[in-house]
Amino acid sequence: GMLCKRSRTIFTEVVEVLETQPGIRDIELKEGIPATTSHLDSWEKVNHCTLPEDVKQFYLAHDGATLNWSYACNDMVLKLGHIHVNQLARLRLLSVESRASGEPRASGEPSALDLDVKDTEGFSPSFGGHDCRVFPLNYCSTCGHVCLVYQISEGGASPSERCTVWLLDLSFSWHFLCHTFSDYLRLAAVHLGLRQWPYALTSVGLSPLYQKWFQLFVPKRYELDCSESNPTPQPEEINNTLDVTKLLEFQSKGKLPKSSGSTK
């Protein structure tokens with residue numbers, strides 16, 4: 001039943017680590033009830049995109065998830081940690097049409113009309129074209145938006161899709177984050193969901209204040225982020241380095257298992 005012991009997920013692993021740390025409080029984890037395969041099928045039909053297997057497995061376990069935590073410091077309680085994955089119903093295509101039709105949008109949610117004005121160098125996701133579809137995994141008015149980006153190639157007998165994870169920053173510029181949703185979740189976990197963590201992987205970098213928080217909470221991971229000469233990690237680098245146990249300096253009770261979604 002719904003009252004059984006919570007199953008282990010990458011979110012509960014982060015919670016276990018946080019619970020051993022002095023000063024961390026108000027740890028709040030909400031994981032949605034599982035979506036059904038018919039929910040997933042219907043999403044794919046409506047959006048004309050196939051969900052990657054790791055995304056499907058996530059939604060079949062939990063339809064969306066949110067983890068928040070705070071830190072007590074000098075009589076203040078600071079909300080430092082936040083990981084969020086939208087419910088399937090909020091995994092909606094960012095399109096010029098939906099905005100132009102006057103459809104209401106959530107506060108902080110970017111509109112594609114805002115985005116089209118910005119010009120970026122080199123390849124970046126685009127809006128309104130047939131070769132690219134963008135689905136925000138979360139909306140954050142202070143840190144930008146992490147998105148699933150489909151690059152669709154119409155050539156050949158059947159169109160092929162490549163789905164990768166990007167950060168859309170507050171100036172509406174794009175930054176590549178990682179190749180798969182599983183890698184995104186593991187990156188969020190090894191950074192303990194500290195706000196601004198995606199910026200540590202981009203040329204933008206962290207604000208001076210968050211550099212201090214990263215040195216305090218995830219010093220080894222922060223060192224690794226800083227030493228990355230290439231701000232865009234390659235898949236093999238991700239697979240070699242994203243081991244929660246090794247990267248978290250925090251000594252948790254026992255070893256954290258690798259996420260079952262990890263790529264071999």
Side-chain angles (χ1 to χ4, degrees), residues 6 9-32 55 58-59 61-73 76-92 105-110 135-148 165-172 175 177-178 181-202 204-219 221-222 225 242 244 247-250 252 256 259 261:
R6 188 195 285 284
T9 64
I10 202 153
F11 288 86
T12 61
E13 291 173 17
V14 175
V15 167
E16 285 172 19
V17 173
L18 291 170
E19 284 172 346
T20 65
Q21 299 315 303
I24 289 183
R25 50 185 286 182
D26 304 335
I27 302 170
E28 180 190 34
L29 174 58
K30 291 180 186 162
E31 293 179 299
V55 178
F58 175 85
Y59 282 110
H62 302 287
D63 187 3
T66 306
L67 171 63
N68 291 307
W69 57 268
S70 300
Y71 179 62
C73 170
M76 290 187 295
V77 177
L78 307 169
K79 294 181 177 181
L80 292 187
H82 178 70
I83 305 176
H84 176 76
V85 178
N86 276 338
Q87 289 176 293
L88 196 61
R90 293 205 69 206
L91 194 64
R92 289 198 296 260
R105 58 194 174 105
S107 133
E109 186 175 321
F135 299 92
L137 287 168
N138 59 37
Y139 298 116
C140 175
S141 52
T142 54
C143 294
H145 313 278
V146 173
C147 303
L148 279 182
V165 181
W166 292 69
L167 170 68
L168 179 60
D169 74 17
L170 294 177
S171 70
F172 294 121
H175 306 274
L177 284 184
C178 51
F181 176 72
S182 300
D183 284 337
Y184 166 68
L185 284 184
R186 287 201 300 283
L187 280 165
V190 295
H191 289 96
L192 296 182
L194 274 161
R195 289 176 190 274
Q196 292 193 12
W197 73 261
Y199 286 96
L201 305 181
T202 72
V204 176
L206 297 166
S207 68
L209 176 61
Y210 270 83
Q211 289 174 21
K212 298 276 184 283
W213 293 128
F214 275 60
Q215 285 161 3
L216 177 64
F217 292 110
V218 285
R221 178 68 224 190
Y222 180 61
D225 291 339
L242 285 188
V244 178
L247 286 180
L248 291 176
E249 183 163 77
F250 301 141
S252 59
L256 295 177
S259 159

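- From I83, atom CD1 reaches atom CD1 of I10 across 8.0 Å, with rounding to the nearest 0.5 Å.
- The closest donor-acceptor contact from the side chain of N86 to the backbone of P136 lies under 3.5 Å.
- A distance of 12.0 Å separates CG of L67 from NE2 of H84, quoted to the nearest 0.5 Å.
- Checked by atom type and distance alone, the side chain of Q196 never pairs as donor or acceptor with a backbone atom of Y210 at under 3.5 Å.
- Using a 4.5 Å heavy-atom threshold, the side chains of L167 and H145 count as separate.
- Taken to the nearest 0.5 Å, the NE2 atom of H62 stands 15.0 Å off from the NZ atom of K30.
- R195 and K79 make their closest contact through NE-O, 3.2 Å (heavy atoms, listed as atom of the first residue, atom of the second, distance).
- Under the 3.5 Å distance criterion, the side-chain polar atoms of Y199 are matched with a main-chain donor or acceptor of C143.
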key: Worked check of side chain to side chain donor-acceptor pair (under 3.5 Å) between H191 and D225   = CA-CA 10 Å; H191 289 96; D225 291 339; 2.7 Å; yes
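- Annotation: ring-ring contact (aromatic ring centres under 6.0 Å, His included) contacts of W69 (sequence neighbours excluded): F217.
- Contact between R221 and L187 at its shortest, heavy atoms only, is NH2-CD2, 4.1 Å.
- Using a distance-only test at 3.5 Å, with no hydrogens or angles considered, no donor-acceptor pair links the side chain of D169 to the main chain of G144.
- Side-chain atoms of E31 do not come within 3.5 Å of backbone N or O of A65 as any donor-acceptor pair.
- Contacts of F181 classified as ring-ring contact (aromatic ring centres under 6.0 Å, His included), with partners at least two apart in sequence or in another chain: F58.
- A ring-centre distance under 6.0 Å is found for Y184 and W197.
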